[in-house]
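Take a look at the structure set out below.
Just so we're clear, the structure is a prediction, and the values are computed from it rather than from any experiment.
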Amino acid sequence: AATAANYIDILKAGDNIPLLDGGNTFAVGEKVIGESDSAAAVDRLAVGTAATFNQIGIARGAASGGTVNVDVDIDVEHQ
């Protein structure tokens, strides 16, 4: 939610975007989804696992310093 008179950004696509990792571990190529207990962090699905939530993107590698870099591609029209 945005406070009245403030600007917000809605990211739908971008390469190598740092997202909060929520304390989760990541590996290259894993699907990245929204964390179920936090609106501000992401979680992972191991390669080959069926998606349980809409995919946010693909992890570029391991999390570091509280973030994980992700190739974000949110296709809101086809999910």
Side-chain angles (χ1 to χ4, degrees):
T3 303
N6 287 347
Y7 291 98
I8 62 169
D9 290 321
I10 298 175
L11 173 71
K12 290 178 56 178
D15 293 333
N16 208 26
I17 306 297
L19 302 177
L20 295 175
D21 65 22
N24 299 303
T25 59
F26 293 85
V28 173
E30 290 183 320
K31 293 178 183 178
V32 176
I33 59 173
E35 191 172 57
S36 62
D37 62 354
S38 171
V42 294
D43 203 350
R44 67 177 187 80
L45 289 175
V47 174
T49 303
T52 53
F53 294 95
N54 289 340
Q55 180 175 318
I56 292 173
I58 303 293
R60 284 202 159 212
S64 176
T67 63
V68 58
N69 286 9
V70 176
D71 289 338
V72 174
D73 186 13
I74 300 173
D75 185 1
V76 295
E77 296 177 11
H78 296 100
Q79 292 192 14

Item to check | Inter-residue atom distance L19.CG - D43.CG, 0.5 Å rounding | outcome: 12.5 Å

With a cut-off of 3.5 Å and sequence neighbours excluded, list every side-chain donor-acceptor pair involving residues 62-70.
from : atom 1 : to  : atom 2 : distance (Å)
T67  : OG1    : S64 : O      : 3.4
N69  : ND2    : N16 : OD1    : 3.0

Next on the checklist: Would you compute the distance between atom OG1 of T25 and atom CZ of R44 and round it to the nearest 0.5 angstrom?
Outcome noted: 4.5 Å

Item to check | Closest contact, heavy atoms only, A27 versus A59 | outcome: O-CB, 3.6 Å

Checklist entry - Can you pull the salt bridge (Lys or Arg N to Asp or Glu O under 4.0 Å) pairs that have at least one residue in residues 46-58, sequence neighbours excluded? => result none

Checklist entry - Just how far is it from atom CD of E35 to atom CZ of F53, taken to the nearest 0.5 Å? => result 10.0 Å

Checklist entry - With the 4.5 Å side-chain cut-off for hydrophobic clustering, are I56 and L20 part of the same group? => result no

Next on the checklist: Could you report the tightest heavy-atom contact between I58 and V32, atom names first, then the distance?
Outcome noted: C-CG2, 4.1 Å

Next on the checklist: Checking D71 now: which residues fulfil salt bridge (charged side-chain N to carboxylate O under 4.0 Å, His left out) with it, not counting sequence neighbours?
Outcome noted: R60

Checklist entry - Can you find a heavy atom in the side chain of I74 that is under 4.5 Å from one in the side chain of V72? => result yes

Checklist outcome for this item: Distance col, row T49:OG1 vs I33:CD1, nearest 0.5 angstrom, shows 10.0 Å

